[in-house]
2 protein chains.
Amino acid sequence: MIRIGKLTDYGIVVMTHLARDPAQAVMAASDLAQATSLGPSTVAKLLKVLLRAGLLVSHRGIRGGYSLSRPAEEISVGQIIGAIEGPVVMTECGGQPANKCSMRHVCTAQSHWHRIDDVVREALESLKLEELARPLRLRKAGALQRQPGDQQPADRRRSKRP
Amino acid sequence: MIRIGKLTDYGIVVMTHLARDPAQAVMAASDLAQATSLGPSTVAKLLKVLLRAGLLVSHRGIRGGYSLSRPAEEISVGQIIGAIEGPVVMTECGGQPANKCSMRHVCTAQSHWHRIDDVVREALESLKLEELARPLRLRKAGALQRQPGDQQPADRRRSKRP
DNA sequence: CCTATACAGTACTAAATAGGTCCTGTTTAG
DNA sequence: CTAAACAGGACCTATTTAGTACTGTATAGG
Ligand code: FES
Ligand code: FES
């Protein structure tokens with residue numbers, strides 16, 4: 001599989017949404033959540049991670065929200081993935097040289113993995129957020145209602161509310 | 001992380017061991033397990049998977065075991081990974097066009113992911129088992145370009161439980 | 001023919017990770 | 001002062017992965 005996690009894909013989606021905004025306006029987490037039909041909590045968590053990685057800037061207070069810290073051309077999907085999942089490596093041999101890897105005694109692929117990782121990293125780095133944000137310009141503006149077959153996280157707000 | 005699973009790494013190790021044998025001799029699963037210091041059951045399972053994928057041939061009976069089905073130059077790490085983990089894709093958008101992906105409504109990265117996947121797949125396909133099996137002590141000083149402040153993502157606390 | 005050996009297939013449990021929710025602060029425009 | 005919205009966690013749950021076991025079946029060699 002060699003997969004990236006769902007969260008990371010969400011991250012791409014959210015970042016793309018931000019990047020598409022013409023005026024780089026500040027957007028609140030809840031707005032973003034609604035726009036992407038993802039769970040508000042999930043989006044909030046995500047945004048915090050992206051903020052910490054320096055990909056976003058936040059504005060606190062009543063009219064607060066998030067916006068990109070840099071132009072979309074200077075943000076790569078590699079950076080987004082890196083922010084959410086950690087360094088882009090495929091094996092235990094990640095980052096560190098061959099002293100940390102638990103199977104270095106028996107595996108002869110160390111240097112090769114590093115090479116593979118490099119290729120992947122480069123491919124990911126070369127794809128910029130701007131490129132993702134460009135093509136879609138839906139004229140259909142208000143289709144944010146609940147979509148039946150769509151992904152709707154378990155809504156368990158069953159607090160005992162009098 | 002974009003990681004391959006441990007099993008897959010084991011698979012590479014086991015295959016490399018097979019490939020290193022000068023006479024392509026048949027090796028029993030238990031021997032392989034001992035040689036790699038992996039669990040016998042784990043190795044046995046792994047070998048079955050690799051067999052099914054056509055990368056190995058098996059020899060049953062009292063002097064049985066496994067050997068490569070093809071010369072090591074014709075087996076790529078991509079094939080090994082594919083055998084154990086399934087198709088090499090990074091997102092839900094794997095293989096199938098954009099009908100199966102659960103977030104196609106909101107994500108604009110479909111085609112881009114396919115491109116990335118292609119690059120990774122190609123890199124993995126170009127690295128042959130023979131190349132892994134060949135060098136025993138390839139010590140090349142300074143061959144790897146390490147980036148000191150490479151990524152600075154959410155720091156994953158890997159609790160080390162002995 | 002008989003039997004020990006080693007593969008074939010599958011079922012199962014345990015551990016690890018990822019996904020998702022919630023709560024308790026802090027900051028700040030109005 | 002207050003409400004909106006971020007900051008930073010703690011927390012639980014679901015899914016995936018890793019690892020093991022067990023019951024067959026084929027076959028070389030005595
Ligand atoms: S993965 Fe680190 S030695 Fe093979
Ligand atoms: S991953 Fe399939 S649409 Fe983005």
Side-chain angles (χ1 to χ4, degrees), chain A residues 1-11 14 25-34 36-53 56-67 81 84-86 92 102-103 151-161, chain B residues 1-11 13-14 25-34 36-53 56-67 81 84-86 91-92 102-103 154-162:
Chain A
M1 286 127 174
I2 315 185
R3 292 245 158 123
I4 62 171
K6 282 188 193 173
L7 266 299
T8 310
D9 212 343
Y10 298 165
V14 168
V26 175
M27 301 187 75
S30 55
D31 293 348
L32 251 353
Q34 203 155 35
T36 56
S37 42
L38 296 169
S41 308
T42 302
V43 171
K45 183 196 212 172
L46 209 43
L47 288 166
K48 285 164 198 165
V49 174
L50 293 166
L51 175 76
R52 266 184 179 162
L56 297 176
V57 290
S58 66
H59 298 240
R60 289 168 74 149
I62 191 169
R63 246 334 252 172
Y66 297 88
S67 53
I81 293 177
I84 301 174
E85 310 229 355
E92 303 284 329
S102 57
M103 39 180 45
Q151 183 161 19
Q152 201 72 18
D155 188 294
R156 53 201 309 277
R157 272 180 227 166
R158 260 167 233 300
S159 296
K160 307 177 274 179
R161 211 83 188 100
Chain B
M1 285 123 179
I2 314 186
R3 292 243 158 124
I4 62 171
K6 282 189 195 173
L7 266 300
T8 308
D9 212 342
Y10 298 166
V13 169
V14 168
V26 175
M27 300 187 75
S30 54
D31 293 349
L32 254 351
Q34 203 155 32
T36 56
S37 44
L38 295 169
S41 308
T42 302
V43 170
K45 182 198 215 171
L46 207 44
L47 288 166
K48 285 165 199 164
V49 174
L50 293 167
L51 174 76
R52 265 183 179 163
L56 297 176
V57 290
S58 65
H59 189 223
R60 288 168 75 150
I62 192 170
R63 254 323 260 169
Y66 297 87
S67 54
I81 293 176
I84 301 174
E85 309 228 357
T91 63
E92 303 284 330
S102 59
M103 38 179 44
D155 195 348
R156 291 253 118 139
R157 295 289 116 134
R158 296 190 76 89
S159 38
K160 308 180 119 179
R161 295 265 306 259

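Basis for what follows: all heavy atoms, side chains included, without hydrogens, waters or symmetry-related copies. These figures come from a predicted structure and were not determined experimentally. Numbered from 1 within each chain, the chains take letters A, B, ... in sequence-line order.
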Quickly work out the [X] [atom1] to [N] [atom2] distance and round it to whole Å.
X: E85(A); N: dG19(C); atom1: CD; atom2: C1'; value: 12 Å
X: E92(B); N: dT16(D); atom1: CD; atom2: C1'; value: 13 Å
X: L56(A); N: dG8(D); atom1: CG; atom2: P; value: 13 Å
X: L7(B); N: dA15(C); atom1: CG; atom2: P; value: 17 Å
X: K45(A); N: dA10(D); atom1: NZ; atom2: C1'; value: 11 Å
X: I4(A); N: dG19(C); atom1: CD1; atom2: C1'; value: 14 Å
X: L50(A); N: dA7(D); atom1: CG; atom2: P; value: 12 Å

Minimal heavy-atom distance between A33(B) and P40(B), with the atoms involved, is CB-CA, 3.7 Å

Detail all sub-3.5 Å separations between protein N/O atoms and N/O atoms belonging to nucleotides 4-6 of chain D.
from	atom 1	to	atom 2	distance (Å)
dA4(D)	O3'	I62(A)	O	3.0
dA5(D)	O4'	G61(A)	O	3.2
dC6(D)	OP1	A29(A)	N	2.9

All N/O donor-acceptor pairs, side-chain side in residues 57-65 of chain A, below 3.5 Å, sequence neighbours left out:
none

Apply side chain to side chain contact (heavy atoms under 4.5 Å, CB included) to T42(B) and list each qualifying residue two or more places apart in sequence or on a separate chain.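 Expected list: L7(B), Y10(B).
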
Side-chain atoms of K6(A) come closest, of dG19(C), dT21(C), dT20(D), to dG19(C)

Is any side-chain heavy atom of L47(A) closer than 4.5 Å to one of L51(A)? no

Within the structure provided, determine whether I4(A) and E85(A) are in side-chain contact (heavy-atom separation under 4.5 Å).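 The answer is yes, as the side chains (C-beta and beyond) meet within the 4.5 Å cut-off.
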
Is any side-chain nitrogen or oxygen of Y10(A) closer than 4.0 Å to OP1 or OP2 of dG20(C)? yes

Phosphate OP1/OP2 of dG19(C): any R3(A) side-chain N/O under 4.0 Å: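 No, no such contact exists.
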
L46(A) CG to K48(A) NZ distance, which is reported to the nearest 0.5 Å: 10.5 Å

